Chemist: 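Once you've had a glance at the structure underneath, I'll fire off some questions.
All chains are named by letter (A, B, ...) in the order of the sequence lines, taking the proteins before the strands, and each is independently numbered beginning at 1. As a basis for the values below, the full set of heavy atoms in this structure was taken, side chains included, without hydrogen atoms, waters or symmetry mates. Values in this document were obtained by computation on a predicted structure and should not be read as measured data.
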Amino acid sequence: MELLSGLNPQQQQAVTAVSGPTLVLAGPGSGKTRVLTHRIAYLISHLGIKPYNILAVTFTNKAAKEMGARVDDLLSGETRGLQLGTFHSICARLLRREAERLPFDANFVIFDDDDQVSLVRQVIKDLDIDDKSYRPQAVQGSISRAKNELILPDDYPIQTYRDEVVQRVYLRYQQALLQNNALDFDDLLLWVAILLEDQPAARDKYARQFEHILVDEFQDTNTVQYRLLKHLASFHRNLFVVGDADQSIYRWRGADYRNVQRFEEDFPDAATILLEQNYRSTQNILNAAMAVIDQNHFRVRKELFTDRGDGVPLSMQEVFNAREEGGLIVNTIARLVGRGEHEPGDFAIMYRTNAQSRSLEEAFIHANLPYKLVGAQRFYGRREIKDLLGYLRLVYNPNDEASLARVINVPRRKIGGKTMTDLRTVAVNAGLSMGGVLLDLARGEKSEFLGTFGKGAAASLEGFGHLLAGWRAHHIDSPPLILLDQVLADIDYQSYLDDGSEEATDRWDNVQELRRLAAEYADRPLGEFLESIALVSDQDTVDQSANVPTLLTLHAAKGLEFPVVFITGLEDGTLPHSRSFDDPEEMEEERRLFYVGITRAKDRVYLSYALNRTTFGYSEPTEPSRFLDDIPENILDGHNPLGTTRYVERHQRQRQDEWERPNSPAAAVIQPTYRAGQNVRHAAWGNGMVLNTKIEDGEEIVDVFFEEAGLKKLVASLARLEVVGK
DNA sequence: ATAAAGTGACTTTTT
DNA sequence: GTCACTTTAT
């Protein structure tokens, strides 16, 4: 059978597993995505299951998209109707379809993190609770945790006075969400679970529809997701889950790898298939990874093996601080690329906390090397993007008060705190949302609300109401880009942004990027555009097409692979993070995080720790990560952190420029290939003239003055300069 | 109503 | 050392 060729016996067994519950325990790099895609193709082509009756769930849109493309490939496009997506997107779609059975409208908006915290803050204020003792962020966290555990406000367990306060906020918060016709991330799952639990007709409908359910990254499901799956699989019982408890890294988000055990208990007849053969890494990398993860208790030991050979040992390097760490990594990349051993796109630089990305970025910028940073909130968190999305959301759903509050006075419209308080009061008294009042004010003289405000305020509010009413009247069904452009024009956003600074240009560039995204939704409704933006994950921004190094958190690295991986900041307090020190469970999760990082690598792993790390703006001495002790010395090159004279070294050692085995042969001496006065051409910067060239750290550094871009310092081996004319 | 200046939390990870 | 929110001065 063609579908099965190229699969090992265990993979074949998983692909063709007969109906009934199946648990696939898949080690890193063991081809689980292959198993999932081939199984879907197998179900459709060999068992005649209709795509519409198959549900496949992933955790990121990117994974869903890739899976869809691969199944499409296998079946030459016969996949129409296949239900494939993330938990959140599938639930959002289902809720819009079933809105009639639920206490909100089909055009609900999805509140992001900021919106959620703002709303909690508002509720805390309304309830006259002290926001110093009850910080909105912390309370929101408690509410979110409850929701992930399927605990509703009435069932919120009360042991302390704080619990009682949280319960009150939770109750009011849920009411406020409904008034805004909004759901938060957790609600998307929660409401589906409630629907399936409380309404047998709905449960029956979906349970019958989904003859086969496949779940990726099962170890990262939380209580709600697990319950949901059980309901959806309650009729056919064909639940096929793939996961690896060792790669569970979302405990803090409510994920519980014990769902794997729960699955075995709930489905005692489940078939279990083990995938251990690794097709990604060298044996040295796998051995290091196993040495690290074997220190965790209460786990099923797996023996990872490959036929790729041992490969090279892992490298470890001590550096003075983050700056040196960045420089070292950049130099190492330049060297490996210069030697022709790797391409720029082969490299990934991973870190525990987002804050670490800055010094690494600076190293790349300093060396004039391009790089790619993974992280959606980098873009969607920008003020200008949030502003504009706020406008679109408000047009889509005028009851969304988070968006309204964000945009009503941006740009300045003389609507300040006082006017907002009044507007709120008027809205509450009239039983309307603030947006509803504004839309009524747009009727001008006919509006009964006009007289309730002072003259100035009334004019300002009426003006904004007109804008909003106009957008809704003319563009609610227009392609998102048309609406966006109309908004941009009506509020003259460009001149609002333009304060002459360099940052302003940046911001306007971001607006253009948003326009480009909107353009992709030309033939889809506004709601879909907004929803897809609300549900993008950081991982979705991973772009393999640009041939440049990738910077990303260890969390974002899950599911990816790179030929060369740098794992930075291996210090106690950073990895493992200090927050995990007093909780053994969290410490084990830190270890899994390190394990995930190591197993992303195909060929090489570089580990580094800094003797000093700046947090809060203060540089403090650190200790090497305890995890480093677990990697056997015979597969680890470089400085051994145990029992060394590092305190002396801290003061005496020379700056380290290069990441090399201490005893490796010196790099070949290279000669300059350019000379001053030459005319050259660069792919991005156009024509220029070489001013100077020199050898530094075994790399040729060329100073070029470009006609358009001015003076640039370039690493010759990476810049690919073309000599032109004479 | 707004701009300027001050305060305090924040850094773990993100659908 | 940064962001977001609050207070103060205009």
Chemist: Pick base, sugar-phosphate or nothing for A:Glu589, based on heavy-atom distances below 4.0 Å to the nucleic acid.
Modeler: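 Answer is nothing: A:Glu589 stays at 4.0 Å or more from every strand.
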Chemist: With a 4.0 Å limit, can you tell me whether A:Asn354 has a side-chain N or O closer than that to the phosphate oxygens OP1/OP2 of B:dT13?
Modeler: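 It does, given that an N or O in the side chain of A:Asn354 lies less than 4.0 Å from OP1 or OP2 of B:dT13.
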Chemist: Measure CZ/A:Phe185 against P/B:dT15 and give the value in whole Å, please.
Modeler: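 Atom-to-atom, A:Phe185 to B:dT15, this comes out as 8 Å.
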Chemist: Once you measure the plane-to-plane angle for A:Tyr371 and A:Phe364, does it fall in the parallel (<30°), tilted (30-60°) or perpendicular (>60°) bin?
Modeler: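 Ring orientation of A:Tyr371 relative to A:Phe364: tilted.
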Chemist: Using the side-chain heavy atoms of A:Thr86, tell me which of these nucleotides is nearest: B:dA9, B:dT14, B:dT15.
Modeler: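 The answer is B:dT15, which lies nearest to the side chain.
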Chemist: Taking all non-hydrogen atoms of both residues, which atom of A:Ile385 and which atom of A:Phe379 are closest, and how far apart?
Modeler: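 In this case the closest contact between A:Ile385 and A:Phe379 is CG1-O, 3.5 Å.
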Chemist: Apply salt bridge (charged side-chain N to carboxylate O under 4.0 Å, His left out) to A:Arg592 and A:Asp246, showing your working.
Modeler: CA-CA 6 Å; A:Arg592 291 194 291 268; A:Asp246 289 335; over 6 Å; no
Chemist: What's the separation between atom CG in A:Leu119 and atom CG in A:Asn180, rounded to the nearest 0.5 Å?
Modeler: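 Answer for the CG-CG pair, A:Leu119 versus A:Asn180, is 6.0 Å.
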Chemist: Could you run down nucleotides 2-10 of chain C 5' to 3' and tag each one B, S or - for protein heavy-atom contact under 4.0 Å?
Modeler: S--SS----
Chemist: Let me know, please, whether A:Asp113 or A:Ala457 comes out on the 5' side of the other along DNA chain B by nearest nucleotide.
Modeler: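 The answer here is A:Ala457.
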Chemist: Taking N or O atoms only and anything under 3.5 Å, show me the protein contacts with nucleotides 2-7 of chain B, one pair per line.
Modeler:
| residue | atom | partner | partner atom | Å |
| --- | --- | --- | --- | --- |
| B:dT2 | OP1 | A:Lys414 | N | 3.2 |
| B:dT2 | OP2 | A:Asn409 | ND2 | 3.0 |
| B:dA3 | OP2 | A:Arg412 | NH1 | 2.6 |

Chemist: Output the rounded distance in Å from CD1 (A:Ile249) to P (B:dT14).
Modeler: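 Spelled out: CD1 on A:Ile249 to P on B:dT14 is 9 Å.
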Chemist: Using the ring of each side chain (for Trp, its six-membered ring), is A:Tyr250 parallel, tilted or perpendicular to A:Trp252, with breaks at 30° and 60°?
Modeler: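 A:Tyr250 and A:Trp252: tilted rings.
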Chemist: Looking for any heavy atom pair under 4.0 Å, which part of the strands does A:Lys418 touch: base, sugar-phosphate only, or nothing?
Modeler: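 A:Lys418: backbone/sugar contact only, no base atoms under 4.0 Å.
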Chemist: Could you tell me how far B:dT13 sits from C:dA4 if I compare only their P atoms? Round to whole Å.
Modeler: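 That atom pair is separated by 16 Å.
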Chemist: With heavy atoms under 4.0 Å as the rule, sort A:Thr419 into base, sugar-phosphate or nothing.
Modeler: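 Sugar-phosphate contact only.
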Chemist: Taking atom CZ of A:Arg383 as the centre, report whether more than 12 heavy atoms of other residues, nucleotides or ligands fall under 6.0 Å from it.
Modeler: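 No.
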Chemist: Which base, if any, makes a Watson-Crick or G-U wobble pair with B:dT13, both distances under 3.5 Å?
Modeler: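 WC or wobble partner does not exist here.
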Chemist: Measure from CH2 on A:Trp252 to P on B:dT11 and round the result to the nearest Å.
Modeler: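 My rounded result for the distance is 12 Å.
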Chemist: What nucleotide, of B:dT13, B:dC10, B:dT14, holds the atom closest to the side chain of A:Thr353?
Modeler: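 The closest nucleotide is B:dT13.
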Chemist: How close or far is atom C1' of B:dT15 from atom CD1 of A:Ile110, stated in whole angstroms?
Modeler: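 Rounded to the whole Å, the gap is 10 Å.
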Chemist: Would you mind reading off the distance between A:Asn222 atom CG and B:dT15 atom C1', rounded to a whole angstrom?
Modeler: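 Checked: the CG to C1' distance equals 10 Å.
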Chemist: May I ask you to say what A:Phe59 touches in the nucleic acid, namely base, sugar-phosphate or nothing, with a heavy-atom cut-off under 4.0 Å?
Modeler: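 Sugar-phosphate only.
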Chemist: Above 12 or not: heavy atoms from other molecules or residues under 6.0 Å from CZ of A:Arg524?
Modeler: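 For A:Arg524, atom CZ is crowded (more than 12 foreign heavy atoms under 6.0 Å).
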Chemist: Pairing of DNA chain C as dot-bracket, 5' to 3': ( ) intra-strand, [ ] crossing, | other strand, . unpaired, with Watson-Crick or G-U pairs under 3.5 Å?
Modeler: .|||||||||
